[in-house]
Amino acid sequence: MAKTVKLGFIGCGGMANTHATNIGKIDNAEVIGWCDIIKERANGFLNKYGGKYATDNMQDILNDSDIDGVFIVTSRNDDPGYLHAEIGVKTAEAGKHIFVEKPISSTLEAADKLVETVNKAKIKFQHGFCFQYSPTIDMAKKLMPNPAYSVCQCAATLSGQVCHNLDILVNKLHDAKLVSVYASGGKYFDFDKPLPVDSFSAVLKFADGSTSSYVQHGTMNNSLQKFQIQLFGPEGCVFLGDRFRDVVWHPADGTVTKPYRDEIMYMGHFQEVVDFVNCIIEDRKPINTAENGRYVLAIEKAIIKSAVTGKVMDSF
C-alpha cells in the first residue's frame, strides 16, 4: 500500500491556504495538525481543510510522532521571512521534513544555522521557490537556453518578491555562475520600512559574460502587471508577461509565433508540493534546498548593500 505523508502546518494565513488547497488534491498526502499563534485561525483551517487538531503551540506539531513533514508559513507585514529559519531549526531538530515559504530567513546568520541543522538532521528540505516548477518558465528556458541579456521588472515589496525573481535569474535562466552585482536604489515608495532601500536598479554579471538588468519598484505599469522578464539573444527575444502567465516568442528572423498562456499551473505552486511529498516517499532531495535559499538571500543582501554603498559586490 502506498505511503500517505502526514503533514502539519505552522502558520495559518496567506500562502497556507494555497498549500492546503493543493495538498487536498494529492492522494498520498494529508494534513493532520494546524498551528497558529491565533488559535481561532488554526481552527478555521481545521474546519475548512480537515485534519485531527488545531493548536496555538507549535511544539504540539513537533512532538506529534504521526507527522512526517511540516509546512512553515509564518510571516509579518514588515517581515515575510519572520521566524522561518528559527522554526525550521526546531523542526529539523525534531526530525521532521520541512517545507518553508520564501524567503528562507530575514538574516544570513539565521539561514546559516538552518542550513547546518538541516544537513545534520538529514531531513528533506523544500524551499518555496515555486517558479522552479513553472511550466511557462520551463518553456522560456527551452526557447532561449543561453540568454545574452535578461531584463526583469517587478512592482512589489523588496522583501516579499525579490527572492523569487533572483532565484529564477541565477538558478534557472542563466546557467553560468553569478560573479558580481551592482545596484543603485533608495526609499521612494514607503515599502520595507526595516530595510535601507525599498527599490533598486541592479546589474547582475555572470561568468559567461551574460548580464541581467533588474528593476524593483513600487508603482505598477498595469500593461505589464506585477512582474515580467524578457530574455534576449542572437536568436530573438522571449517575453514572460502578466505574472509569467504569458510566454511570447519573437524570433530574430521576424517569424510570427502564437503566444502561449497558462491560467492554472504557471506559478508552480501545485507542482512544488507534489514534489515535496514525493521526495519524502522516494527518499530523494528536493530541487530547492536550504543552501539554495541561503544563496539567494545572500544575493539580495548584496544588492541592498551595493545600493547603499555604491560598491560592486562579488561575495555571496
Side-chain angles (χ1 to χ4, degrees), residues 102 128-158 160-185 189 199-272 287-288 292 296 299-300 303:
K102 57 80 183 174
F129 284 155
C130 57
F131 287 120
Q132 286 286 342
Y133 297 89
S134 165
T136 54
I137 292 174
D138 284 343
M139 182 180 296
K141 178 65 174 176
K142 289 178 182 178
L143 290 167
M144 183 75 65
N146 297 294
Y149 301 96
S150 64
V151 177
C152 178
Q153 185 175 16
C154 180
T157 58
L158 192 159
Q161 183 63 34
V162 167
C163 59
H164 262 322
N165 298 331
L166 287 175
D167 173 58
I168 296 166
L169 294 171
V170 305
N171 292 321
K172 190 84 172 183
L173 298 177
H174 290 265
D175 291 336
K177 180 182 178 181
L178 181 69
V179 295
S180 68
V181 299
Y182 173 76
S184 177
F189 300 97
S199 49
F200 61 79
S201 177
V203 176
L204 288 69
K205 184 178 179 181
F206 298 89
D208 61 356
S210 65
T211 60
S212 182
S213 299
Y214 184 171
V215 179
Q216 180 81 21
H217 48 87
T219 49
M220 187 183 299
N221 178 344
N222 290 328
S223 297
L224 296 175
Q225 294 300 316
K226 184 178 177 181
F227 42 82
Q228 54 91 8
I229 286 177
Q230 296 181 77
L231 306 175
F232 297 93
E235 59 271 58
C237 169
V238 179
F239 176 68
L240 278 159
D242 195 8
R243 299 172 65 102
F244 305 149
R245 289 183 181 92
D246 294 333
V247 182
V248 186
W249 169 230
H250 301 279
D253 63 10
T255 301
V256 177
T257 63
K258 185 178 180 180
Y260 173 82
R261 185 171 178 86
D262 187 330
E263 292 281 9
I264 300 173
M265 306 294 283
Y266 67 99
M267 293 188 76
H269 285 136
F270 178 71
Q271 296 95 321
E272 68 175 348
I287 294 173
N288 296 324
N292 183 39
V296 171
I299 298 169
E300 180 181 318
I303 287 173

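Side chains included, hydrogens not; waters and symmetry mates left out as well; all remaining heavy atoms used. We number each residue from 1, following the sequence as shown. Not measured: the values here are computed from a predicted model.
- Separating the CG atom in Leu173 from the CG atom in Asn146 is a distance of 11.0 Å, to the nearest 0.5 Å.
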Which side-chain N or O atoms in residues 229-247 pair as donor and acceptor under 3.5 Å with protein atoms at least two apart or in another chain?
from, atom 1, to, atom 2, distance (Å)
Asp242, OD1, Arg245, NH1, 3.3
Asp242, OD2, Arg261, NH1, 3.0
Asp242, OD2, Arg261, NH2, 2.8
Arg245, NE, Glu263, OE1, 3.4
Arg245, NH1, Asp242, O, 3.4
Arg245, NH2, Tyr266, OH, 3.2
Asp246, OD1, Arg261, NH1, 2.6
Asp246, OD2, Arg261, NH1, 3.0

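- Here Phe189 contributes atom CZ and Thr157 contributes atom OG1; the two are 12.5 Å apart, rounded to the nearest 0.5 Å.
- The distance from the CG atom of Leu169 to the SG atom of Cys152 is 5.5 Å, given to the nearest 0.5 Å.
- Counting only heavy atoms from C-beta outward, the side chains of Phe129 and His164 approach each other to under 4.5 Å.
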Going by atom type alone, with no hydrogens or angles, which donor-acceptor pairs under 3.5 Å involve a side-chain atom of residues 219-227 and a protein atom two or more places apart or on another chain?
from, atom 1, to, atom 2, distance (Å)
Asn221, OD1, Ser223, N, 2.9
Gln225, NE2, Asn222, O, 2.8

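- Enclosure of atom NZ in Lys141 by more than 12 non-hydrogen atoms of other residues, nucleotides or ligands within 6.0 angstrom is indicated.
- No side-chain N or O of Ser212 forms a donor-acceptor pair with one of His174 less than 3.5 Å apart.
- Between Gln132 and Asp167, the side chains place a donor N or O and an acceptor N or O closer than 3.5 Å (distance only, hydrogens not considered).
- Counting heavy atoms from C-beta outward, Gln216 and Asn165 have side chains that approach closer than 4.5 Å.
- Of the inter-residue distances, the one linking Gln271 atom CD with Cys130 atom SG reads 9.0 Å to the nearest 0.5 angstrom.
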Requested in this report: Report the C-alpha distance between Val296 and Asn171 in whole Å, list the side-chain angles of each, state the deciding distance to 0.1 Å, and finish with yes or no for side-chain contact (heavy atoms from CB on, under 4.5 Å).
Outcome: CA-CA 9 Å; Val296 171; Asn171 292 321; 3.7 Å; yes
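- Contact check for Met144 versus Trp249: side-chain heavy atoms found under the 4.5 Å cut-off.
- Atom CG of Asn288 sits about 5.0 Å away from atom OH of Tyr133, to the nearest 0.5 Å.
- For the residue pair Gln161 and Cys154, the shortest heavy atom distance occurs at CG-SG, 3.3 Å.
- Across Asp262 and Pro135, no two heavy atoms sit closer than the pair OD2-CG, 3.6 Å.
- Between the CG atom in Leu178 and the CG atom in Leu166 there is a gap of 9.0 Å [rounded to 0.5 Å].
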Query - Chi angles and distances behind the side-chain contact (heavy atoms from CB on, under 4.5 Å) call for Asp138, Lys172 - result: CA-CA 9 Å; Asp138 284 343; Lys172 190 84 172 183; 2.8 Å; yes
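- The two residues Val248 and His250 make their nearest non-hydrogen contact at CG1-NE2, 3.3 Å.
- The six-membered or imidazole ring of Tyr214 lies near that of Phe200, with a centre-to-centre distance under 6.0 Å.
- Inter-residue side-chain proximity for Phe206 and Val170 is flagged as met; some heavy-atom pair is nearer than 4.5 Å.
- Here the closest heavy-atom approach between residue Gly218 and residue Ala155 is recorded as O-CB, 3.7 Å.
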